Amino acid sequence: MNKEYLIYKLSDEVKNSCKIDKEAFTKFNVKRGLRNDDGSGVLVGLTNIGNVVGYERDANGKLTPTEGKLYYRGYELDDLVSPLLKEKRFGFEEVAFLLLSGQLPDKEELEAFKELLNDNMPLDHRTITHIIELEGSNIMNILARCVLEMYTFDPNPDDISRDNLMRQSIELIAKFPTIIAYAYNIYRHSVQGRSLHIRHPRENLSIAENFLYMMKHENYSELDARMLDLLLIIQAEHGGGNNSTFTVRVTSSTRTDTYSSIAAGIGSLKGPLHGGANIKVINMFHHLKEQIRDWKNVKELDVYLTRMLNKEAYDKTGLIYGIGHAVYTLSDPRAVELKRLAGELAKEKGREDEYEFLKLIEQEGIKCLQEHRGGSKPACANLDFYSGFIYEMIGLPQEIYTPIFAMARIVGWTAHRIEELNFEGRRIIRPAYKNILGELEYTPLDER
Ligand SMILES: CC(=O)SCCNC(=O)CCNC(=O)[C@H](O)C(C)(C)COP(=O)(O)OP(=O)(O)OC[C@H]1O[C@@H](n2cnc3c(N)ncnc32)[C@H](O)[C@@H]1OP(=O)(O)O
Ligand SMILES: O=C([O-])CC(=O)C(=O)O
């Protein structure tokens, strides 16, 4: 049999073997994803790390949509970010300390922690050599491969004692920016034929500054570095249930090694419904800038967005990227903050027209989505809606938008891994799948 035909035939059979009636989920009371049909959550774990609030629940369990709130270790995100803005301080390292340990550091602890991270930013020379040799143009994939390789260079990779987990976590947080910057520079050299620069991370720079330095030498401003620092803080953690963190928790619950678990989280975050949406949003934005003749014409934009929802335009998936969230309803507090920051930066960089157009896409995207799906379910812009536009204004290339998300979320992932392996009464995570096919009678090969 022709092998291509065989692949086609097997794939065609999957059309039938994948069929599961939508109604069966209700019939068997399956908890789908994060929410049931009535909007109530599927509770699969308990955590002391992040808290994501999108609803209020009354005494009878009825849910009312609310403005979104996000807490890191009990502190509201805004309370962590505001002092940093006021004092013009870099804060990603402080937030990492908080998320890993549960405590805000004092001055001495913070200085020591920053030094520890800085000391760990350089890569083992074997990792550098391997990145140079790794083929491929997807930086998330290269990042995952480098993380898996770190297992080989770790003298104690399988030890899941708390001390060892903390050491590995700090090393991963420190090394992600270096791996991503090097992987991008090598990609740029091999795919785009540009000069190759491998810059050693500098002492006394924050992670955000060091990343920009490794990416762009000294071609970045203080404002660019502060924006990146805020983006890292804002993306660092989102509770135990977001897909990539849950992936890390699920794999960690088997007591596998840190590198296998984090590589799995990277694979999850890459998906366009999750962290990969930031690249999709910026592509969609450029597409709309070309397709819509008058950036102030609401009607023209609505017609196009509706065509997108009907799978007739853009990538024909039916999605408007950057809109919608599994938990947030009326607003995602991070998108609110990023919208404000994007506005400030757009003024500075002379890109106010584009910013106004992006805001209109947000407003009309939400409206068209709600009309398209009917009902009263609210929707809002999510974290990924404005982040790409900010990266673009900082002068960062699209290929690293999702890797930067990973560079931030590694903090949440490692904090959750440590928690997953250290609470009393922990169990391997193992939900159930109900088989709805039933039993079939076996037919011998020569009778088929
Ligand atoms: C960091 C992050 O991960 S943030 C999320 C980034 N992802 C995106 O921006 C991609 C676009 N958004 C989405 O696909 C979704 O809103 C998600 C994946 C974020 C959340 O998914 P869900 O929790 O299933 O959303 P929800 O329950 O509101 O979906 C209800 C319906 O609206 C649809 N919908 C939700 N958001 C969108 C959207 N942006 N565009 C088109 N349709 C949408 C869903 O596909 C679903 O349709 P269905 O009932 O026909 O299957
Ligand atoms: O929580 C989620 O489902 C998605 C996520 O990671 C985030 O919004 O940061």
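Predicted, not measured: the structure shown is a model, and the values here were computed from it. We count ligands from 1, going down the list as the structure has it; atoms in each ligand are counted the same way.
- Here E344 does not pair with K347 in a salt bridge; the nearest charged N to carboxylate O distance is not below 4.0 Å.
- Heavy-atom contacts of G318 reach the following atoms of ligand 1: 40 (N), 41 (C), 42 (N) (cutoff under 4.0 Å).
- Scanning N242, T317, I323 for the heavy atom closest to atom 13 (C) of ligand 1 points to I323.
- When heavy-atom distances to ligand 1 are checked against a 4.0 Å cut-off, L369 comes that close only through its side chain, counted from C-beta outward.
- Stacking of K339 on the aromatic ring of Y386 is not recorded, the 6.0 Å distance cut-off and the 45° axial limit not both being met.
- For N382, a nitrogen or oxygen atom sits less than 3.5 Å from a nitrogen or oxygen atom of ligand 1, counting backbone and side chain alike.
- Of all atoms in ligand 1, listed by their number and element, those nearer than 4.0 Å to a heavy atom of A277 are 6 (C), 7 (N), 8 (C), 9 (O).
- Note on ring orientation: taking the six-membered ring where Trp is involved, the planes of Y391 and Y401 are tilted (angle from 30° to 60°).
- Between the side chains of S161 and D163, no donor-acceptor pair is found at a separation under 3.5 Å.
- R249 and E419 are joined by a salt bridge, as a carboxylate oxygen and a charged side-chain nitrogen come within less than 4.0 angstrom of each other.
- Interface atoms of ligand 1 facing F405, defined by a heavy-atom separation under 4.0 Å, are 1 (C).
- For ligand 1 and H325, the ligand atoms under 4.0 Å from any heavy atom of the residue are 4 (S), 16 (O).
- Of all the heavy atoms of H372, none lies under 4.0 Å from any atom of ligand 1, so neither backbone nor side chain is involved.
- Checked against the 6.0 Å centroid criterion, the rings of H325 and H238 qualify as a close aromatic pair.
- Close approach to I320 involves these atoms of ligand 1, each under 4.0 Å from a residue heavy atom: 11 (C), 38 (C), 39 (N), 40 (N), 41 (C).
- The closest approach between F385 and ligand 1 stays at or above 4.0 Å for every heavy atom of the residue.
- Salt-bridge annotation for E420 and R417: absent, with no side-chain N of the basic residue lying under 4.0 Å from a carboxylate O of the acidic one.
- Rounded to the nearest 0.5 angstrom, L369 CG and I366 CD1 are separated by 8.5 Å.
- In this comparison of Q370, R373, R334, M284, the heavy atom closest to atom 34 (N) of ligand 1 sits on R373.
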The test is salt bridge (charged side-chain N to carboxylate O under 4.0 Å, His left out); show your working for E392 and R351 and say whether it passes. CA-CA 11 Å; E392 202 174 79; R351 296 181 66 172; 2.6 Å; yes

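- Note on ring orientation: taking the six-membered ring where Trp is involved, the planes of Y304 and H287 are tilted (angle from 30° to 60°).
- The N/O atoms of L273, backbone and side chain alike, include one that comes under 3.5 Å of an N/O atom in ligand 1.
- Of all the heavy atoms of V281, none lies under 4.0 Å from any atom of ligand 1, so neither backbone nor side chain is involved.
- Under the 4.0 Å criterion applied to side-chain N and carboxylate O atoms, R409 and E237 are not assigned as salt-bridge partners.
- Less than 4.0 angstrom separates some heavy atom of A326 from each of these atoms of ligand 1: 20 (C), 23 (O).
- Ring geometry for Y355 versus F389: interplanar angle under 30°, hence parallel rather than tilted (30 to 60°).
- Residue contacts with ligand 1 for H274 involve both N, CA, C or O and side-chain atoms from C-beta outward (heavy atoms, distance under 4.0 Å).
- Remark: distances from the non-hydrogen atoms of K280 to ligand 1 are all 4.0 Å or more.
- A cation-pi geometry, defined here as NZ or CZ lying under 6.0 Å from the six-membered ring centre and within 45° of its normal, holds between K289 and F285.
- Short contacts between ligand 1 and G322, defined as distances under 4.0 Å to a heavy atom of the residue, involve ligand atoms 8 (C), 9 (O).
- Every protein residue with a heavy atom nearer than 4.0 Å to ligand 2 is included here: H238, N242, H274, H325, R334, L383, R409.
- The number of heavy atoms from other shown groups lying within 6.0 Å of NZ (K280) is above 12.
- Under 4.0 Å is where a charged nitrogen must lie from a carboxylate oxygen, and between D294 and K299 no such pair does.
- Interface of D384 with ligand 1, defined as ligand atoms under 4.0 Å from a residue heavy atom, comprises 1 (C), 2 (C), 4 (S), 6 (C).
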